[in-house]
S.K.: 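The structure follows.
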Amino acid sequence: MGNKFYLKMAISNIKKNAKTYGPYMIASVCTVVMFYIIHFLSISETLGKMNDGASIQYVLTLGVGVVGLFVGIFLFYTNSFLIKRRQKEFGLFNILGMDKKHIDKVLSIETFVIGMASIVGGLIVGIAFSKMMLLILLKIFDFEVPSGFEIPMQSIRLTCLVFIGIYSAILIWNIV
């Protein structure tokens, strides 16, 4: 069986299970957005210039770790729920002659597609809303609002690395 077959099958499975995958995708995108925004705020130069800005950034840096841990646990839990709902489907694939390695390949492609869509979608929404969150935080602390828009590559890199790691761990867990 060719790689195109597995790709078509994976995309078809995602579409057929849209009622299950839809909430999972929304939750995944929201977790990426949340992680990106918290990391963005924790390294924001504008926030660092405030009185006690270093303290706020330190707390947000701790928050990045807590959110990362929470996100990992949350995505593992929601993914295990999703996989349990699809056990009959995997059994049917097995009965129809697909080996475990073929099912694993389809599951790998599904995880890759969902993971990349979540990361890209979450980063786009996170970048769009990060300035708004910074403005809200500055307004709460009654600090001068700077003009301009920054997109720190450090936040994008860390977000990508964390979520690629989480989705890789989820894939390994599903295969095992």
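Here, residue 1 is the first one in the sequence, and each next residue gets the next number.
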S.K.: So, do Tyr21 and Glu110 sit near enough that their side-chain heavy atoms are less than 4.5 Å apart?
M.R.: yes
S.K.: Applying side-chain contact (heavy atoms from CB on, under 4.5 Å), name anything that partners Thr61, two or more places apart in sequence or on another chain.
M.R.: Ser42
S.K.: Assess whether side-chain contact (heavy atoms from CB on, under 4.5 Å) is satisfied between Met116 and Tyr167, documenting all intermediate values.
M.R.: CA-CA 9 Å; Met116 287 300 113; Tyr167 283 111; over 6 Å; no
S.K.: In chain order, what residues pass the ring-ring contact (aromatic ring centres under 6.0 Å, His included) check against Phe112, with sequence neighbours excluded?
M.R.: none
S.K.: Not counting sequence neighbours, which residues clear side-chain contact (heavy atoms from CB on, under 4.5 Å) with Lys8? List them please.
M.R.: none
S.K.: Any heavy-atom pair between the side chains of Val106 and Met98 that's under 4.5 Å?
M.R.: yes
S.K.: Once side-chain hydrogen bond (donor to acceptor under 3.5 Å, both in side chains) is applied, what residue pairs with a partner in residues 70-79 remain, sequence neighbours excluded?
M.R.: Asn79-Asn174
S.K.: Who clusters with Ile124? Use side-chain heavy atoms, under 4.5 angstrom, across I, L, V, M, F, W and Y, and order the result by chain and number.
M.R.: Val120
S.K.: Take Glu150 and Ser130 through the test side-chain contact (heavy atoms from CB on, under 4.5 Å) and record every step on the way to the result.
M.R.: CA-CA 9 Å; Glu150 60 181 305; Ser130 61; over 6 Å; no
S.K.: Any non-hydrogen side-chain atom of Leu62 less than 4.5 Å from a side-chain atom of Val66?
M.R.: no
S.K.: Please tabulate, for the side chains in residues 152-160, all donor-acceptor contacts under 3.5 angstrom to protein atoms that are two or more places apart in sequence or on a different chain.
M.R.:
from, atom 1, to, atom 2, distance (Å)
Ser155, OG, His39, ND1, 2.7
Thr159, OG1, Ser155, O, 2.7

S.K.: How about CZ on Phe81, more than 12 heavy atoms from neighbouring residues, nucleotides or ligands closer than 6.0 Å, or not?
M.R.: no
S.K.: Should the heavy atoms of other residues, nucleotides or ligands under 6.0 Å from OH of Tyr24 be counted, would the total exceed 12?
M.R.: yes
S.K.: Does Phe163 form a side-chain contact (heavy atoms from CB on, under 4.5 Å) with Thr31? I'd like the steps, not just the answer.
M.R.: CA-CA 9 Å; Phe163 282 90; Thr31 57; 3.6 Å; yes
